[in-house]
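All remarks here apply to the structure that follows.
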Number of protein chains: 2
Amino acid sequence: MPRVKCPKCNKVETILKSGFIRQKQRYVCKECNYNFTLHHENRKAKHQARRNYHTTILDIAKAMGISATTVSRALHDHPDISRQTTAAIKEMAVEMDYHPNLLARSFVNRKTNTIGVIIPNLEATFFSSMLGGIQKVASQSGYRVIMCQSNEDHQTEVDNVHALMDSRVDGLLICHSMENLSYDHIKVYQDRGVPIVHFYRVLMESATSKVLANNVEGAENITQHLLDRGCRRIAIILGPNPLLITKERLSGYLNMLKKSDIAPDQKIICYTDYSQLKVIAAVDQLLELPEPPDAIFCISDRSAIYVLKHLKKRNIKVPETIAVAGFGNDLMGELVEPGLTTYDVQTSRIGETAMEIMLDQMNGGVAYQSELKTVSGELVIRESSQKPEY
Amino acid sequence: MPRVKCPKCNKVETILKSGFIRQKQRYVCKECNYNFTLHHENRKAKHQARRNYHTTILDIAKAMGISATTVSRALHDHPDISRQTTAAIKEMAVEMDYHPNLLARSFVNRKTNTIGVIIPNLEATFFSSMLGGIQKVASQSGYRVIMCQSNEDHQTEVDNVHALMDSRVDGLLICHSMENLSYDHIKVYQDRGVPIVHFYRVLMESATSKVLANNVEGAENITQHLLDRGCRRIAIILGPNPLLITKERLSGYLNMLKKSDIAPDQKIICYTDYSQLKVIAAVDQLLELPEPPDAIFCISDRSAIYVLKHLKKRNIKVPETIAVAGFGNDLMGELVEPGLTTYDVQTSRIGETAMEIMLDQMNGGVAYQSELKTVSGELVIRESSQKPEY
DNA sequence: TTGAAAGCGCTAACAT
DNA sequence: ATGTTAGCGCTTTCAA
């Protein structure tokens, strides 16, 4: 049971209750004949005086005439502390509006319960949606999320990594900037044992865990769907050449062509930087071909929408003359006319999965050190690829 | 100048350099005849042994035979420390790969350089874009951002506020959940002097700084634009009744009607919950009116797009029969057919402004305590409201 | 110009 | 079941 200590002579056994004053228990020390109320009464005065004052466990301890250790343990439901003491302490904590100083706690525990996330930006819906997924799982498991944007800039990304590490995040989730040059900045920390998970954009060389959209399967699904619809000459509009995403989606496309015994034609395999200008140029080039394509598969919804608009402008019917498909299942694809066939990559799920692996890694240790997980999505068929007459 | 101390007799003046071994300066103490290299050589061994070891200022101090205080001061460019010492210490810091423990620093300084942000979710582009703006300004000024989603749930929001405050964020940026019940959870901290800035969704009763889209002006612009286009019977599709945003946009609408001597008609002022179902129902009701509207102004782009789709389905020509306008300038409005006339609220700018006010408040103190700032956007005119024949 | 020492709030050995 | 003590890494008087 919590005991009250005399503020004057520091004795415990000598205290008697001496009635109430302003709804507060008043005590008297029979030894030194000192009248007083509980310490946190005094504290309240201080509180008024000093701005920004926070109750500490020591305040509680003093107020109850017990030690800080006991308070700390009680608040953590340590089995050593008796039920009554624990209850009394918790009650007092509420009464005194105690909030733990998480900073101090993190400092001594060497654990911040915070994970750092680096993403290229927050304007693109798929990034923010992945972040949303991460945040959701994180908060469910009691982790806070510190977030940085690299703005697709490598140096910013490097700086962010260091900043997050200096803040002692418990783990790092990172989606590389496009112009990623190396992963040295990450390797240092990885070697130190900081859990790191890559997502969406990934360097295969790194020995970290990785979460990817199922790019190959997605591209296969789209391609097969177009083939099923009767398309034989399917153009593909890709992103920048060296990117993993470009490679994977291209390989999915090639897989399905091969399966249908269609020889790939370099003339209808176009690399772009995703910009509207380059995409439209690619389309124009395709249309000028002696054998123009009967379908265009863009590996990004955004590009696909540029294509749709451009084809409409050139009075080419979609899907009758040329079918169009995208990749990603951006919200826009639903609203555009015709609705865009695409592959739903489940961005939010990617974020959730990344955070789940992070949790595994933080708990399970080395076991899951270098997992590669792909999140499968599903085909979303809309008007841009449907040929109603079949 | 940094001096080297003998690890054995702790003297400084007795040390002589004694050549190099493995590229490291070797010393000898002429008093005790003790040969040694710099302490961080030993440290390296420790480093290998103990996982997760970080160099501290004390390590640097020991390695150089000076005190931690001096190291600390040098790293902060304290004028008391001589140029040479400072330079030498900084060099050593780099060599030993010193990174300050921000946790410890925050702990003693009672300043985390971190601000907390609470937003309803990350799926809606305008929220993530505001977060982007916040993050941008924050990182420019050396602040980190901890982010939480309330999922439009009041209790989650309350929990988030406490969690962030327990982490001792230096300030709080909050966009309330829709079903906001009170702001007691915030007032406590505000009274303690924590800088708090509300943005986008705001409670006017709170005495905090606020950043808002210029809802009145935006609605005025849209309404006036529709009037200019010759519309006389402009319906408005609103959000939930009690929301500030609803009220403000409605009042902008009413202002302009009044200015044109058009009496508002309750029958064409519709409240919805923004859901597709309710919005479509509202449209149907409008169309059944003896005098159907010649324009529909939706105070959200999302709703406007539902309207566009529905009108198309019902074979009503936009803008010829009914003009349509939205609010917000969501990306989708550009891609939809016809392109949606709307008001660009500059979400990113709202976030930036909120963070700027936060910075002011953290620096300037009470001066800016309860500022209300509105971020003006601009009219974006697209096909959904253009009557080409005029 | 530099150092010694105390302390921030909390936790965890190690007593008792 | 509870208390004592030391220490986490850093900053900051105060002293020299």
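Worth knowing before you read on, the calculation uses all heavy atoms, side chains too, and leaves out hydrogens, waters and symmetry mates.
- Nucleotide C:dC10 holds its C1' atom 13 Å from the CG atom of A:D59, rounded to whole Å.
- For D:dG3, one of the phosphate oxygens OP1 or OP2 lies less than 4.0 angstrom from a side-chain nitrogen or oxygen of A:S67.
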What string of B, S and - do you get for nucleotides 10-16 of chain D 5' to 3' if you count protein non-hydrogen atoms under 4.0 Å?
BBBB---

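- Nucleotide C:dC10 holds its C1' atom 15 Å from the NE2 atom of A:H54, rounded to whole Å.
- Per the geometry, NE2 belonging to A:H78 stands 13 Å off C1' belonging to C:dC14, to the nearest Å.
- Distance CD1 (B:I89) to C1' (C:dT2): 10 Å, rounded to an integer number of Å.
- One interatomic measurement links the two molecules: CG of A:L75 to C1' of C:dA12, which rounds to 16 Å at whole-angstrom precision.
- At least one side-chain nitrogen or oxygen of B:R110 sits closer than 4.0 Å to the OP1 or OP2 atom of C:dG9.
- In this structure, CE of A:M96 is placed 13 Å from P of C:dG9, rounded to the nearest angstrom.
- For B:L103 and C:dC8, the CG to P distance is 18 Å, given to the nearest whole Å.
- By the side chain to side chain contact (heavy atoms under 4.5 Å, CB included) test, B:V71 pairs with B:I57, B:I60, B:A61, B:I66, B:L75, B:I89, sequence neighbours left out.
- Every side-chain hydrogen bond (donor to acceptor under 3.5 Å, both in side chains) that A:D77 has, sequence neighbours left out, goes to A:K90.
- Terminal axes of the helix from C:dT1-D:dA16 to C:dT16-D:dA1 (five pairs each, C1' rotation axis) are separated by 40°, to the nearest 10°.
- The salt bridge (charged side-chain N to carboxylate O under 4.0 Å, His left out) analysis of residues 134-144 of chain A, with sequence neighbours excluded, yields the pairs A:K136-A:E352.
- Between A:T114 and A:S167 there is no side-chain heavy-atom pair separated by less than 4.5 Å.
- A 6.0 Å sphere centred on CD of B:Q140 holds more than 12 heavy atoms belonging to other residues, nucleotides or ligands.
- A:T69 meets the side-chain hydrogen bond (donor to acceptor under 3.5 Å, both in side chains) test with no other residue; sequence neighbours excluded.
- Applying the salt bridge (charged side-chain N to carboxylate O under 4.0 Å, His left out) test to residues at least two apart or on different chains, the pairs with a partner in residues 165-176 of chain A are A:K111-A:D170.
- Applying the side-chain hydrogen bond (donor to acceptor under 3.5 Å, both in side chains) test to A:D153 and every residue at least two apart in sequence or in another chain returns A:T156.
- Pairs of residues two or more places apart, or lying in two chains, that qualify as ring-ring contact (aromatic ring centres under 6.0 Å, His included) and include a residue from residues 83-110 of chain A are A:H99-B:H162, A:F107-B:F107.
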